[in-house]
Peer 1: 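One structure coming up, written as structure tokens, with questions to follow.
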Amino acid sequence: MAMAISYSISNPPLTFKTSHLNKQVPNWRLPTIRSGNGSGGMLSMQRRTLRTCFHVCAVTGDQSTSNAFSAKFPSDYTELIMQAKEATESAFKDGKQLLEIEFPTAGLQSVPGDGEGGIEMTGSMLLIREFCDRFVPAEKATRTRIFFPEANEVTFARQSAFEGCSLKLDYLTKPSLFEDFGFTTKVKMADRVQPNDETFLVAYPYFNVNEMLVVEELYKEAVLSTERKLIIFNGELDRIRSGYYPPFFYPKLAELSKTFLPKLETVYYIHNFKGSKGGALFRCYPGPWKVLRKVGGSFICLHEQEEMPSLKEVALDILPSA
């Protein structure tokens, strides 16, 4: 039976933005994430019910020697955020400096394109606030800086999900007079960073192709050769990994797949594949990468490995052959 995921906010409906702010959003309560029938939620998304624990069977190497074991998969977004928090803490303890968190926001079994872009960004914003509430200690809030894609998004965040919090909110790009044609004003990242900043979280930097280039600049100028940490949250980096942007037209962006992305530690990841041979690619640090498929009321693990497989490999090789 279908169940609704609700991001519970008490205010009257508003128009979610993509890049322009033209509204006031007063008196928001801090967002909460809950499972239920969806009544009263500002942003409701349908998903299928998932079991928290299930038996899986690894099918790497010799399938005749596969062992069954228990694997953890989130039953809802509250559990997902807790898993992402614990994975990030483990990676920090292991000295990882550049982290990626990626999962669908239109439902735990949704795929890219299932949700409208502006609503997905708003969902990510609410989930980032929930993540920070659990992950960032109160004494470190003023030393944690969240970079949103552009300046208008910061204004929206301050009037909604991040109203009243001590976290530092900032932006990667600034709209220009030619924003409708894809142009933004260059922001020098060294000028945005303060000496007491310890952790940077970059929120969904995929609306404009220049945003990930600015993220790389932030890493080089403010993270590399320091003790600081940088987390990219729902950056849709698979677009760059898969060659979605033709190198001929986007040479700098394509170069990131060779120079910047290999430095990343993907600490939490869910990517779903639809179809009769569908499934999910799942990872929770420090565990291995797993390809899962739902069979009946439970999941089985078709394959696992230490390194991230490409989405093409999962879709064309692992899932069809299982």
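Atom set for the values below is all heavy atoms of this structure, side chains included, hydrogens, waters and symmetry mates excluded. Everything numeric in this text was worked out from a predicted model, so none of it was measured. Along the sequence shown, the residues carry numbers beginning at 1.
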Peer 1: Could you pull out the closest heavy-atom pair between Pro205 and Gly235, with the gap in Å?
Peer 2: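 Minimum heavy-atom contact is CD-CA, 3.5 Å.
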
Peer 1: Going through the distances and angles, do Arg192 and Phe147 end up as a side-chain contact (heavy atoms from CB on, under 4.5 Å)?
Peer 2: CA-CA 10 Å; Arg192 314 299 307 169; Phe147 286 93; 4.0 Å; yes

Peer 1: Can you pull the ring-ring contact (aromatic ring centres under 6.0 Å, His included) pairs that have at least one residue in residues 95-119, sequence neighbours excluded?
Peer 2: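 Residue pairs with at least one partner in residues 95-119: Phe103-Phe233.
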
Peer 1: Provide the closest heavy-atom pair for Phe282 versus Cys284 in the form atom of the first, atom of the second, distance.
Peer 2: CZ-CB, 4.0 Å

Peer 1: For a quick check under 3.5 Å, do Glu130 and Tyr77 share a side-chain donor-acceptor pair by atom type?
Peer 2: no

Peer 1: Could Arg239 and Tyr245 be counted as a cation-pi pair, given that NZ or CZ must be under 6.0 Å from the ring centre and within 45° of the axis?
Peer 2: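 No.
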
Peer 1: Look up atom OG in Ser242 and atom CG in Leu237, then write down how far apart they are to the nearest 0.5 Å.
Peer 2: 10.5 Å

Peer 1: Does a sphere of radius 6.0 Å around CD in Glu227 hold more than 12 heavy atoms from other residues, nucleotides or ligands, not counting ones at 6.0 Å or beyond?
Peer 2: no

Peer 1: Can you tell me if Glu153 uses its side chain to pair, donor with acceptor, with the backbone of Pro149 under 3.5 Å?
Peer 2: no

Peer 1: Leu213 vs Asn210, test: side-chain contact (heavy atoms from CB on, under 4.5 Å). Steps then yes/no.
Peer 2: CA-CA 5 Å; Leu213 298 178; Asn210 293 321; 4.1 Å; yes

Peer 1: For Arg228, does its backbone N or O pair with a side-chain atom of Gln97 as donor and acceptor, under 3.5 Å?
Peer 2: yes

Peer 1: Without swapping roles, check the side chain of Arg129 against the backbone of Cys165 for a donor-acceptor pair under 3.5 Å.
Peer 2: no

Peer 1: For the pair Tyr204 and Glu120, evaluate side-chain contact (heavy atoms from CB on, under 4.5 Å) and give the outcome as yes or no after the intermediate values.
Peer 2: CA-CA 10 Å; Tyr204 43 93; Glu120 286 190 336; over 6 Å; no

Peer 1: Gln83 and Pro74: which non-hydrogen atoms are nearest, and at how many Å?
Peer 2: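 Heavy atoms of Gln83 and Pro74 come nearest at OE1-CD, 3.5 Å.
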
Peer 1: How long is the span from the CG atom in Asn234 to the OH atom in Tyr268, to the nearest 0.5 Å?
Peer 2: 11.5 Å

Peer 1: To the nearest 0.5 Å, what is the distance between CG on Leu218 and CD1 on Ile232?
Peer 2: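 Those atoms lie 9.0 Å apart.
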
Peer 1: When you check the gap from the basic side-chain N to the acidic O, do Lys93 and Glu89 get nearer than 4.0 Å?
Peer 2: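 Glu89 and Lys93: not salt-bridged.
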
Peer 1: What distance do Leu256 atom CG and Tyr250 atom OH have between them, rounded to the nearest 0.5 Å?
Peer 2: 13.5 Å

Peer 1: Any side-chain to backbone donor/acceptor pair from Gln194 onto Asn196? Under 3.5 Å, distance only.
Peer 2: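 Side chain of Gln194 to backbone of Asn196, a donor-acceptor pair under 3.5 Å: no, none is there.
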
Peer 1: Could I get the full list of side-chain hydrogen bond (donor to acceptor under 3.5 Å, both in side chains) partners for Lys312, not counting sequence neighbours?
Peer 2: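 side-chain hydrogen bond (donor to acceptor under 3.5 Å, both in side chains) list for Lys312, sorted by chain: empty.
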
Peer 1: Would you give the length of the straight line joining atom NZ of Lys188 to atom CD of Glu217, rounded to the nearest 0.5 angstrom?
Peer 2: 6.0 Å

Peer 1: Between Glu211 and Tyr206 (side chain of the first, backbone of the second, donor and acceptor by atom type, cut-off under 3.5 Å), is there such a pair?
Peer 2: yes

Peer 1: Can you run down the side chain to side chain donor-acceptor pair (under 3.5 Å) pairs that involve residues 270-289, sequence neighbours left out, and say none if there aren't any?
Peer 2: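 Listed by first then second residue: Asp94-Tyr285, Asp114-Lys274, Glu265-Arg283.
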
Peer 1: Let me see the working for Leu281 and Leu311 under side-chain contact (heavy atoms from CB on, under 4.5 Å), right down to the final yes or no.
Peer 2: CA-CA 8 Å; Leu281 178 61; Leu311 297 184; 4.1 Å; yes

Peer 1: Kindly determine whether Glu100 and Arg241 satisfy salt bridge (Lys or Arg N to Asp or Glu O under 4.0 Å), including the steps that lead there.
Peer 2: CA-CA 13 Å; Glu100 175 190 16; Arg241 293 187 181 104; 2.5 Å; yes

Peer 1: Does NZ in Lys263 sit with more than 12 non-hydrogen atoms of other residues, nucleotides or ligands closer than 6.0 Å?
Peer 2: yes

Peer 1: How many angstroms lie between atom CZ of Phe162 and atom OG1 of Thr155, to the nearest 0.5 angstrom?
Peer 2: 13.5 Å

Peer 1: With a 4.5 Å limit on heavy-atom distance, are the side chains of Thr88 and Phe131 in contact?
Peer 2: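 In short, these two side chains touch, coming nearer than 4.5 Å.
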
Peer 1: On a heavy-atom basis, which atom in Ile101 and which in Ile231 lie closest, and how many Å separate them?
Peer 2: CD1-CG2, 3.9 Å

Peer 1: Using every non-hydrogen atom in the two residues, find where Leu127 and Ile81 come nearest and quote the distance to one decimal.
Peer 2: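 Residues Leu127 and Ile81, closest heavy atoms: O-CD1, 3.7 Å.
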
Peer 1: Distance-only, no hydrogens or angles: does the Glu198 side chain make a donor-acceptor pair with backbone N or O of Lys229 under 3.5 Å?
Peer 2: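 No: the side chain of Glu198 does not pair with the backbone of Lys229.
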
